[in-house]
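No hydrogens, no waters, no symmetry mates; every other heavy atom, side chains included, goes into these values.
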Amino acid sequence: MTLLAQFTGRIAAQPLMRVRPDAHGRYVPVLCLELTAEGTVPAGLHVEQPFPLNQHAQCSAAAHRFKPGQRVTVQAPIEALELVVRQREREGLA
């Protein structure tokens with residue numbers, strides 16, 4: 001059984017199509033979304049959805065379909081999540 005994490009938020013910037021290597025080293029199109037998560041502590045989320053090889057047109061169309069301010073919900077397997085903490089330095093903190 002695969003555990004899924006679910007996040008809801010609003011698109012913060014126009015989505016983009018990028019190209020990234022997959023597990024086999026082939027370059028595949030990837031839909032990239034920047035979201036502002038809803039909840040008690042709003043956070044920035046970067047979401048990437050890989051598309052199959054040679055589906056650049058479909059990925060580009062998806063990037064144009066989504067608009068800033070649009071509310072979306074995304075799901076991902078727990079093991080696929082990466083956490084990046086951007087810490088701001090403040091005086092007095094070690």
Side-chain angles (χ1 to χ4, degrees):
M1 180 168 123
T2 301
L3 293 176
L4 296 176
Q6 180 171 298
F7 302 96
T8 298
R10 297 204 177 269
I11 297 175
Q14 182 62 45
L16 300 172
M17 182 192 77
R18 305 261 180 181
V19 178
R20 303 226 193 282
D22 67 6
H24 305 289
R26 301 173 300 184
Y27 284 84
V28 298
V30 178
L31 175 63
C32 297
L33 301 172
E34 299 298 330
L35 304 179
T36 301
E38 295 177 350
T40 55
V41 181
L45 297 174
H46 175 80
V47 178
E48 293 188 1
Q49 178 186 357
F51 277 65
L53 190 64
N54 297 324
Q55 287 199 359
H56 292 79
Q58 293 87 337
C59 184
S60 181
H64 285 43
R65 224 178 4 259
F66 291 107
K67 301 293 179 206
Q70 183 177 350
R71 187 173 189 258
V72 296
T73 298
V74 296
Q75 292 182 329
I78 294 287
E79 63 271 8
L81 298 181
E82 293 181 27
L83 175 64
V84 177
V85 179
R86 289 184 172 82
Q87 181 177 338
R88 294 187 177 138
E89 292 185 32
R90 296 183 184 181
E91 283 187 44
L93 296 179

Task: Path from Leu33 to Met17 over hydrophobic side-chain contacts below 4.5 Å - done: no

Task: Contact list for residues 5-31, test side-chain hydrogen bond (donor to acceptor under 3.5 Å, both in side chains), sequence neighbours left out - done: Gln6-Gln75, Thr8-Thr73, Arg20-Glu48, Asp22-Arg26

Task: ILVMFWY clustering at 4.5 Å (side-chain atoms), partners of Leu53 - done: Val28, Val30

Open item on the list: Do Leu4 and Pro77 make a side-chain contact, defined as non-hydrogen atoms from C-beta onward lying under 4.5 Å apart?
Closed with: yes

Donor-acceptor list for residues 54-66 side chains, cut-off 3.5 Å, not counting sequence neighbours:
residue, atom, partner, partner atom, Å
His64, ND1, Ser60, O, 3.1

Open item on the list: Taking side-chain hydrogen bond (donor to acceptor under 3.5 Å, both in side chains) as the definition, give me every residue that meets it alongside Thr2, ordered by chain and number, with sequence neighbours left out.
Closed with: none

TODO: Spell out, yes or no, whether Val47 and Leu16 are grouped together once hydrophobic residues are joined by side-chain heavy atoms under 4.5 Å, including indirect joins.
DONE: no

Task: All side-chain contact (heavy atoms from CB on, under 4.5 Å) counterparts of Ala5, not counting sequence neighbours - done: Phe7, Ile78, Leu81

